[in-house]
Amino acid sequence: MYLVGAGPGDPGLMTRRSLELIASADAILYDRLIPPGALDGARAGADLRYVGKEPGAAAVAQDETNELMVELARAGKRVVRLKGGDPFVFGRGGEEAEALAAAGVAFEVVPGVTAGVAAAAYAGIPVTHRDAASAVAFVTGHEDPRKEDSTLDWDALARFPGTLVFYMAIRKLPRVAERLVAGGRDPGEPAAVVERGTQDGQRTVVDTLGGIAARVKAEGIGAPAITLVGAVAELRETIAWLERRPLHGEVVAVTRARAQASELAARLRELGAEVVETPAIRIEPRPVEGELREALERIEGYSLICVTSPNGVRLLFDALAAAGRDARSIAGATVAAIGPGTAAALAERGIRADVVPERFVAEALVEALEPVPVEGRRVLVARAAEARVVLPDALRERGAELDDVALYETVAEPLTEAARAGLERATYVTFTSSSTVRFLLESGARPPEGARIVSIGPVTSATAGEHGLTVDVEAERHDIDGLVEALTADAQGRRVPA
Ligand code: SAH
C-alpha cells in the first residue's frame, strides 16, 4: 500500500517514485486534483477508482476509502492511493495512514510537491526569503474564522512572523482577511492569490491584505487557489517568470499523429504555450506481404535505399526484424534520407545516411542523388502509400531498376470531443504535413476564426490553400525545430510591447 502525492497539477512535477508506483500498481484510488494524464502510465487492466469529491456533490466517505484501501491491500493487491500535492498536507493522508496502521497494513508514504510552495513558485513568489520572510506557515482556510470553536488561533496567526499560506480559503477569503487585520496584521501588507497553480491557465492576482478579497471577486478567481500573505508576495513583480515565456497565453493545436506529437508538444510547452493535441492522422503499417515481402527477401541486392520519413525508418526496421533480419542486410547499400529527422532515425539504428539533402522535400533529394549511380542498378524506395511520386519517377527516368514499396498508410484519426473543444480555443493551429491538413478538414473540424495557421513547408501550405485555409506562418526550415522557431517569432512579433 502506497500513499502517494501527485503534485499540484503540472505533470512534470510528479516524482519519479510516484510514476514507478503508478506503473506497477494493481489498483489506484485517486482524487480529483491529480495532474492530467497522471494515470496514463498505469498498467492495462489496473483497477482505477475515483474516490474524490466533486464540488457540491457528496464525497465518497473517508471511512469508505479507508476500508477500501485495507480491503484491497489484504487481498494482496499492490495499491496506490494517489492524492493531489503532498499526501500529508491537508490531504487527510495522515488519517489514511492511521487507518492503515490500525489495520496492520504495511505502507510507504511518497511525498509530493505541495501546492502552497509550487503555485507560489510558478507565480514568481518564494515562500521564504532572506530579507522578506524567515518562516512560513501552511494554514487551512476551510474553517470559518467567526466560528467560536475554530481550532485556529487567529490572533497568533495574525502575529506570525513570516509568510502565511492558506489552502482552501477562496470562499472564506473576506473573513480570513478581516480576521487577520482584526488580530493586528497590517492591512497594507502584500497578498497574492494563485488560481490553478502550475496548470494551464494559471492566474495570479496581487493586492494588499485589505484589498485582496475584493480583487479576487472582481477577477472571478475560483478554486483551487492558494492565498499568500506576506512581503514575499511583492517579489512577484521582479521574479514572475511564467508570464514572460515567449508563448505564454497561446493555445497551440498539434494535428500530427498522437504517437509523433510528443516532441513538438514538449517544445511548445517549454516555451510557455498551452498545447492541445488534436491528432487528425494515424500511421497504419502495411502488412508485410506482396511487394513489401519480396523487397525484404532480396534486401541485400539493393545498391541504393531511400527512406522518406522517420516512420518509414521505424517500420522498415520492424519489417526487417519480423523477417528475421537486421541492419547488416543493408550493409552494402548507399542509404539516402529525405531530411535530418529521417537521418536521425537511421542513426539510432546504427546507420549513417550517405545522402541527406539540405532542404527537406522530395525534389531536393532527387537533386542530392544525382551523383549516385543508379542506371541498371536495383534501387528501393520505402515510403508512405500516399507519398508524392516525384522521387520514384526521377529514379526510374534515370534507368534504375526500381522497387517502390509502401511501408505504411496515413489514415484519418477521428477527433475526440475533447480535441474538438481544444481546437476551438486554439490561437495557433500547426500542420506538419499535407495529410494533417486534409484529414483535419475532412473530419469536419476547422481552425477557429482568428487562429493563426502554421505550416511546416511549401507542400503543406499548398494543400492548406487548396482547402481554403490561409497560411499565416510557414517554417523556413521544414522540420519541428523550424516550425517552432517560426511560430515563436510570429507570436513575439504580435506581442504588444509592454
Ligand atoms: N494535499 C494538497 C492540498 C489538498 S487541499 C497539497 O499538498 O497541495 C486542496 C487545496 O489545495 C485547494 O483548495 C487549494 O487551496 C490547494 N491547491 C491544490 N492544488 C492547487 C493548485 N494547482 N493551485 C492552487 N491551489 C491548489
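Ligands are counted one by one from 1 in listed order, and the atoms in each one are counted from 1 as well. Predicted model, so just to flag it, every value in this text is computed and none were measured. The analysis underlying the following values was restricted to heavy atoms, covering all of them including side chains, and did not include hydrogens, waters or symmetry mates.
Inclusion of D86 in the set of residues having an N or O under 3.5 Å from an N or O of ligand 1 is warranted. Residue P87 has no N or O atom closer than 3.5 Å to an N or O atom of ligand 1. Taking only nitrogen or oxygen atoms, main chain and side chain alike, T114 reaches within less than 3.5 Å of ligand 1.
Residue, atom and distance of the protein heavy atom nearest to atom 21 (C) of ligand 1 are G197 N, 3.5 Å. Atom 25 (N) of ligand 1 has I226 CG1, 3.3 Å as its closest protein atom, hydrogens excluded (heavy atom only). For atom 2 (C) of ligand 1, the closest non-hydrogen atom of the protein is G84 O, 3.3 Å. For atom 5 (S) of ligand 1, the nearest non-hydrogen atom of the protein is F90 O, 3.4 Å. When only non-hydrogen protein atoms are considered, atom 1 (N) of ligand 1 lies nearest to V89 O, 2.7 Å.
Under the 3.5 Å distance criterion, with hydrogens and angles disregarded, no donor-acceptor pair is assigned to the side chains of S455 and T460.
Near Y167, with a cut-off below 4.0 Å to any heavy atom, the atoms of ligand 1 are 3 (C), 6 (C), 8 (O), 11 (O), 15 (O), 16 (C). Heavy-atom proximity to V194, at under 4.0 Å, picks out these atoms of ligand 1: 24 (C). Within ligand 1, counting atoms from 1 as listed, the ones closer than 4.0 Å to a heavy atom of Q199 are 22 (N).
Taking all atoms of both residues into account, the shortest heavy-atom contact from R446 to H467 is NH2-O, 3.6 Å.
Under the 3.5 Å distance criterion, the side-chain polar atoms of T410 are left unmatched by any main-chain donor or acceptor of I283. Formation of a donor-acceptor pair under 3.5 Å by the E195 side chain with backbone atoms of G222 is found in this model. Remark: side-chain polar atoms of R215 are paired, donor with acceptor, to backbone N or O of V206 under 3.5 angstrom.
With a 6.0 Å radius and a threshold of 12 heavy atoms from other residues, nucleotides or ligands, E263 has its CD atom at or below the threshold.
R92 contributes atom CZ, which lies 4.5 Å from atom CD of Q62 (distance to the nearest 0.5 angstrom).
Using a 4.5 Å heavy-atom cutoff, the side chains of L39 and L82 are in contact.
Here the shortest heavy-atom distance to atom 26 (C) of ligand 1, taken over A123, P111, A118, A115, belongs to A115. Summarising the contacts of atom 9 (C) of ligand 1 with Q202, R196, M168, the nearest heavy atom is found in M168.
The proximity of A225 to ligand 1, defined as any non-hydrogen pair under 4.0 Å, is limited to the backbone.
Classification of the W154-F166 ring pair by plane angle, with boundaries at 30° and 60°, yields parallel.
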